[in-house]
Amino acid sequence: MALAQIGRIGVLTSGGDCAGLNAVIRAVTARAVNHYGLQVYGILDGTLGLMERPLRYVELAPSTFDGRIFREGGTVLGTTNKGDPFRFPMADGSVRDRSQDFGDGVRELGLDALVVIGGDGSMSIVSRLCHAVGVGMVGVPKTIDNDVHGTDFSIGHATAVGVVTDAMDRLQPTAASHHRVMIVEVMGRDAGYIAMQGGIAGGADVVLVPEIPYSMDGVATAIRKVLDRGRTHALVVVAEGVKRDDGTVVHLPASTRYGGIGHWLGERIADTTHTETRVTILGHVQRGGSPSPQDRLLASAFGVHAVDLVMRGQLDRMVAWRNLSVVDVPLSEVTIGARPLDPNGTLATTAHGLGIYIGDTEAAG
Ligand SMILES: Nc1ncnc2c1ncn2[C@@H]1O[C@H](COP(=O)(O)OP(=O)(O)OP(=O)(O)O)[C@@H](O)[C@H]1O
Ligand SMILES: O=P(O)(O)OC[C@H]1O[C@](O)(CO)[C@@H](O)[C@@H]1O
Ligand SMILES: [Mg+2]
């Protein structure tokens with residue numbers, strides 16, 4: 001296939017950070033420079049680096065990443081998950097469309113294409129931006145939430161599930177020693193992938209996710225069953241986006257961000273089962289740390305394939321992982337919102353098969 005006329009590309013990270021971002025930037029840089037002889041500019045702080053003046057970017061070389069950085073969490077480029085460029089909140093309180101600043105930045109730097117490493121929100125926002133200013137992009141899915149359509153896995157998810165599993169391994173002995181019910185609140189926005197996978201891997205007795213309705217009766221019965229069988233402790237995983245049983249959302253104080261359902265649930269479980277409960281909110285611990293081997297492999301395959309797509313002129317696509325292979329999908333199939341966990345899919349069926357209470361779904365019979 002003929003190669004597109006590309007000399008310089010930009011790469012940026014956007015949305016919440018996660019483990020494995022540096023490994024993607026490393027793979028993009030290695031493939032672009034070593035194989036195609038391109039120049040790679042790393043844009044700082046997501047879309048902001050191209051919107052602000054002076055422009056904020058660094059030229060990347062494979063040697064930057066070879067030793068240490070690809071093993072580390074976070075993103076050396078920085079990122080942002082606020083300030084929609086189409087409705088950018090200005091210092092004077094007004095809101096401005098700053099998409100043309102972004103376009104001017106792309107032109108000023110002479111970028112022939114952009115590799116955008118982001119979650120569902122970033123894929124939507126940045127692909128709209130790229131269309132508006134006439135530059136091609138290839139997306140690389142990352143998010144601990146795993147809620148990007150079109151790919152089995154997004155970068156950062158496996159590491160986050162590892163953090164949850166490790167936390168459960170640490171909580172089980174202390175729960176057992178004190179005969180307590182431990183509640184672990186995990187991230188995921190409106191998607192239950194982290195909770196369901198962490199719950200299965202970490203030996204939970206109850207897993208609550210936003211996609212599956214539950215009842216306090218169901219939760220209490222499940223815990224009582226565990227206790228009646230002779231085990232004197234239980235483990236509960238709840239996703240941050242789960243609502244109270246009356247359907248109301250639990251937010252952090254004075255915020256629209258999720259957080260706190262674990263404490264609400266802990267009190268209700270203590271009341272209904274007459275057990276002692278303790279609550280752990282894992283929070284941003286799930287986003288940090290060294291990427292797992294799976295995330296490093298995914299990041300490497302995604303980075304290489306993203307550059308190959310750019311060079312073949314196959315833009316407006318996102319790299320993806322399906323059935324043991326790296327593939328790519330049109331961005332239009334991805335930018336349709338966040339992907340929910342299938343309430344009747346393999347994860348739900350497996351959890352139910354293990355005897356975990358997951359709420360009221362067909363998978364739960
Ligand atoms: N490039 C960006 N500039 C400004 N805001 C952004 C950008 N990308 C995402 N956002 C905002 O960040 C918030 C988080 O969005 P979303 O969760 O969809 O991010 P994401 O890119 O999917 O990453 P993650 O899910 O890992 O946080 C949303 O309010 C979204 O509008
Ligand atoms: O970094 P912030 O703004 O607290 O965002 C937290 C959110 O980002 C994520 O970590 C990733 O989307 C969610 O799981 C969580 O709700
Ligand atoms: Mg997201």
Side-chain angles (χ1 to χ4, degrees), residues 12-21 24 45-48 73-75 77-85 89 116-129 139-165 167 184-199 207-211 237-243 249-263 280-289 291-292 295 299 302 318 320 331 333-341:
L12 62 84
T13 46
S14 176
D17 78 313
C18 62
L21 296 176
V24 186
D45 294 335
T47 44
L48 289 177
T75 162
L77 297 178
T79 186
T80 182
N81 66 354
K82 52 183 186 299
D84 181 343
V116 174
I117 309 165
D120 61 308
S122 300
M123 290 302 152
S124 298
I125 291 178
V126 187
S127 67
R128 246 183 90 206
L129 263 181
V140 175
K142 69 85 217 164
T143 171
I144 64 167
D145 305 341
N146 211 34
D147 58 355
V148 180
H149 282 278
T151 182
D152 292 346
F153 296 108
S154 292
I155 289 149
H157 176 64
T159 305
V161 171
V163 172
V164 175
T165 307
V184 186
E185 180 180 314
V186 304
M187 280 186 163
R189 293 196 195 271
D190 296 308
Y193 292 96
I194 300 176
M196 196 59 88
Q197 296 188 29
V207 176
L208 302 183
V209 295
E211 296 90 343
V237 176
V238 59
E240 62 178 355
V242 167
K243 298 182 175 65
V249 176
V250 183
H251 285 308
L252 290 170
S255 168
T256 53
R257 284 155 55 217
Y258 288 138
I261 182 69
H263 284 295
T280 302
I281 299 183
L282 289 179
H284 293 78
V285 167
Q286 296 158 96
R287 292 231 301 246
S292 69
D295 273 330
F302 279 177
M318 184 188 80
L331 274 169
E333 286 179 15
V334 173
T335 54
I336 50 172
R339 174 181 65 182
L341 175 83

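Atoms within a ligand are numbered from 1 in the order they appear, just like the ligands themselves.
Closest heavy-atom approach to atom 12 (O) of ligand 2 within the set D145, D120, T79, D17: this belongs to D145.
Between the side chain of T159 and the main chain of S292, a donor-acceptor pair closer than 3.5 Å is present. One N or O on the side chain of Q286 and one on the backbone of M187 form a donor-acceptor pair closer than 3.5 Å.
Summarising the geometry, atom CE belonging to M123 is positioned 7.0 Å from atom CG belonging to L331; distances are rounded to the nearest 0.5 Å.
For the side-chain contact (heavy atoms from CB on, under 4.5 Å) criterion with Y258, the lone passing option out of L252, V250, D190 is D190.
Counting heavy atoms from C-beta on, the side chains of D145 and I194 come closer than 4.5 Å. In this structure the side chain of D17 reaches within 4.5 angstrom of the side chain of L21, judged on heavy atoms.
At a heavy-atom distance under 4.0 Å, only side-chain atoms of R287, from C-beta outward, approach ligand 2.
For the pair G188 and ligand 2, the shortest N or O to N or O distance falls below 3.5 Å.
Short contacts between ligand 2 and E240, defined as distances under 4.0 Å to a heavy atom of the residue, involve ligand atoms 13 (C), 14 (O), 15 (C), 16 (O). Which parts of ligand 2 touch R257 is read off a 4.0 Å heavy-atom cut-off, strictly below it: atoms 4 (O). Of all the atoms in ligand 2, the ones that sit under 4.0 Å from a non-hydrogen atom of N81 are 1 (O), 2 (P), 3 (O), 5 (O).
Nearest N/O/S atom of D120 with respect to the Mg ion (ligand 3) is recorded as OD1.
Note on ligand 2: H284 sits in its first shell, one or more heavy atoms being nearer than 4.0 Å.
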